[in-house]
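Here is the structure we will look at.
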Amino acid sequence: MKTILVLTPRFPYPVIGGDRLRIYELCKELSKKYRITLVSLCDSHQELHMEIPDDGVFKDVHRIYLPRWRSYLNCILALPTKKPLQIAYYHSKKFARLVETLAEKHDVIIPHLIRAAEYAKNLDNRKIIEMTDAISMNYSRFSERKNSSGLKGFIYCIEQERLNRYEKKIAEYYDYSVFVSQYDKDFLYNDLPLLYNKALVCSNGVDLSKLPYNFSPESKKLVFIGNMYSAQNYDAAYWFATEVLPILREYGEYEFHIIGRIPQASQKRFAQVEGVFATGSVDSVAEHAHGSIAGICSVRLAAGVQNKTLEYMALGIPTVTSSIGLEGLFATPNESILVADTPSEYVEAILKLESDPDFAKSLSLKALSYVKDHHSWSGKLRPLIEKIEELIN
């Protein structure tokens, strides 16, 4: 059996959405034909010693501890250089030595995100970089916001330029690069034909077996699924909570439920907003989202495809997304999804869903058909699987 070495900057377990979900589903699909070795950085002893589920995805797992203090020091040392802080943060000599040793016994190497790409760029193996998003597009969008001044805005501005250069340069070392959205591919490589032609677009999928369809709006409950350690998710949820929900609550006792990992300080900040409930991590997203009249995807900084949108659609929860959140999807506005960007547009969409149950049910059913037809993981990952087969054979 041919072998593939997968490099991740974060341990993919537990599989709780976002980047971890994508690389896990990719490896699960690859494990049907290939022997997969995982090499991952861990920033806590809990991750380092976590018991791995017996799911048959990885034949071998190697973990390297990189404490956060070391990552922060890496970033400080990188400030005077041209290296992106995203790359410096995940630098580990021990990880690099292990990758170099294991590479000799593997046919293909797949680093997940540019954060792990540096470790394989000079190796002789056939290799594919799983870019997922154009991270510099995220940073560019932040820099364009009105409130992007101050130290954070300054760092984002510097990092955006560094990332953009790096994302273009690193792809030269790889046989192929992979994005979840055509928007990301165009943003980075539209004027670089050699890189553009070897960049694949493989969108995210959804596992319907874990997300049972159940259209059952029972209350004035709105839901936002997302990891609040992500700056993009936090910005989206806090903007909705403070800019949209107060207007909406003039029409009734609407509640905004945020489901996902969240720092304690952020949870306290949300608790100060009337009508907002941040649950933190939960055992069952489907159970906690049950009864919602709308799933909210109010992202303003994101790139790529939003998993939360696909999850709402699979669960039967009518989705209201921003224009940015719609990027990378082919769902039809007002048919299987609603699009809003301003507070008044969100309010209008949500009131429409509540006042017209037949319209909400139709939107829900068409959204389910959309994810069934267009977002199976095996279907979305097929172009990448085919390229891997070509490289190996």
Side-chain angles (χ1 to χ4, degrees), residues 4 6 8 12 15-34 36 55-58 108 110-114 127-135 137 171 174-189 196-213 225-226 285 295 297 299 302-315 319 321 324-332 336-337 366-392:
I4 296 176
V6 174
T8 64
V15 184
I16 52 176
D19 295 338
R20 296 184 187 189
L21 175 64
R22 180 170 173 83
I23 193 60
Y24 177 80
E25 290 293 343
L26 170 58
C27 291
K28 186 168 75 170
E29 195 67 23
L30 289 172
S31 67
K32 297 175 182 178
K33 289 187 176 182
Y34 307 107
I36 311 298
D55 52 18
V57 175
F58 302 108
V108 173
I110 303 178
H112 182 220
L113 309 177
I114 59 169
K127 45 191 182 282
I128 297 174
I129 176 173
E130 218 303 315
M131 302 278 285
T132 302
D133 306 327
I135 302 177
M137 183 163 69
Y174 285 82
D175 295 288
Y176 297 100
S177 56
V178 188
F179 296 93
V180 297
S181 155
Q182 187 69 36
Y183 286 88
D184 298 75
K185 175 180 173 178
D186 290 343
F187 177 84
L188 282 180
Y189 303 144
Y196 191 90
N197 291 333
K198 63 175 187 176
L200 310 176
V201 175
C202 300
S203 186
N204 284 340
V206 62
D207 187 347
L208 294 175
S209 67
K210 297 178 180 178
L211 299 166
Y213 177 86
I225 299 172
V285 169
C297 181
V299 293
V305 171
Q306 298 299 306
N307 285 327
K308 62 176 64 62
T309 300
L310 299 177
E311 291 172 358
Y312 299 148
M313 290 176 151
L315 289 169
T319 305
T321 181
I324 289 176
L326 187 64
E327 289 178 357
L329 300 178
F330 299 98
T332 305
S336 55
I337 195 168
K366 289 177 180 176
L368 178 64
S369 295
Y370 169 76
V371 293
K372 281 183 175 179
D373 294 342
H374 299 284
H375 286 277
S376 70
W377 277 110
S378 59
K380 285 302 178 185
L381 294 173
R382 188 172 298 119
L384 174 55
I385 303 299
E386 291 174 352
K387 293 300 181 185
I388 291 173
E389 291 177 354
E390 289 179 14
L391 292 179
I392 287 180

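FYI, the numbering just counts along the sequence from 1.
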Discussion item. I'd like to know if the side chain of Tyr213 and the backbone of Met313 have a donor-acceptor N/O pair within less than 3.5 Å.
Written reply: no
Fill in: Taking every non-hydrogen atom, the tightest pair across Ser203 and Gly328
OG-O, 4.1 Å
Worksheet entry | Beyond-backbone contact of Ile110 with Ile129, side-chain heavy atoms, under 4.5 angstrom | no
Worksheet item: Ignoring hydrogens and geometry, is there a side-chain-to-backbone donor-acceptor pair from Asp184 to Asp133 under 3.5 Å?
Response: no
Worksheet item: Would you call Tyr176 and Leu391 a side-chain contact if the rule is heavy atoms closer than 4.5 Å?
Response: yes
Worksheet item: Between Glu25 and Arg22, is there a salt bridge with N-O shorter than 4.0 Å?
Response: no
Practice prompt. Please examine the side chains of Leu315 and Pro212, heavy atoms only from C-beta on, and report whether any two atoms are closer than 4.5 Å.
Written response: yes
Discussion item. Assess, by modelled atom type and distance only, whether the side chains of Asn197 and Tyr189 contain a donor and an acceptor separated by less than 3.5 Å.
Written reply: no
Worksheet entry | Criterion side chain to side chain contact (heavy atoms under 4.5 Å, CB included) on Ile388 and Tyr34, from CA distance to verdict | CA-CA 10 Å; Ile388 291 173; Tyr34 307 107; 4.1 Å; yes
Discussion item. Testing the basics here: between Val57 and Lys28, what is the closest heavy-atom pair and its distance to 0.1 Å?
Written reply: CG1-N, 3.8 Å
Response to the item:
Tightest non-hydrogen contact, residues Ala331 and Ile337, listed as CB-CG2, 4.0 Å
Discussion item. Are the side chains of Ser31 and Phe58 in contact, using a 4.5 Å heavy-atom criterion?
Written reply: no
Discussion item. Is there a side-chain contact between Leu208 and Val371 in this structure, where contact means two heavy atoms from C-beta onward sitting under 4.5 Å apart?
Written reply: yes
Worksheet item: Which heavy-atom pair separates Pro12 from Ile23 by the least distance, and what is that distance?
Response: CB-CG2, 4.2 Å
Fill in: Pairwise side-chain contact, Leu329 with Leu310, heavy-atom cut-off 4.5 Å (strictly under)
yes
Item to complete: Taking the six-membered ring for Trp and the single ring otherwise, decide whether the centroids of Phe187 and Phe179 are under 6.0 Å apart.
Response: no
Discussion item. Suppose we screen for side-chain hydrogen bond (donor to acceptor under 3.5 Å, both in side chains). Which residues come up paired with Asp207, at least two apart in sequence or across chains?
Written reply: Ser209
Fill in: Side-chain donor/acceptor of Lys185 to backbone N/O of Ala199, under 3.5 Å
yes
Discussion item. To check you understand the geometry: which heavy-atom pair defines the closest contact between Tyr174 and Pro111, and what is its length?
Written reply: OH-CG, 3.3 Å
Fill in: Distance-only polar pair, side chains of Glu130 and Thr132, donor-acceptor under 3.5 Å
yes
Fill in: Criterion side chain to side chain contact (heavy atoms under 4.5 Å, CB included) on Lys127 and Val108, from CA distance to verdict
CA-CA 5 Å; Lys127 45 191 182 282; Val108 173; 5.5 Å; no
Discussion item. Is there a side chain to side chain contact (heavy atoms under 4.5 Å, CB included) between Thr321 and Gln306? Walk through the geometry before answering.
Written reply: CA-CA 10 Å; Thr321 181; Gln306 298 299 306; 6.0 Å; no
Worksheet item: Would a 4.5 Å heavy-atom cut-off, applied to side chains only, mark Asn204 and Val206 as touching?
Response: no
Worksheet item: Can you find a heavy atom in the side chain of Leu26 that is under 4.5 Å from one in the side chain of Val6?
Response: no
Practice prompt. Might you point out which heavy atoms bring Leu21 and Asn307 nearest each other, and give the distance in Å?
Written response: CD2-ND2, 4.1 Å
Worksheet item: Under the 3.5 angstrom rule, does the side chain of Lys198 hit a backbone N or O of Ala171 as a donor-acceptor pair?
Response: yes
Fill in: Of all pairs that satisfy side chain to side chain donor-acceptor pair (under 3.5 Å), the ones with a partner from residues 372-386, not counting sequence neighbours
Tyr370-His375
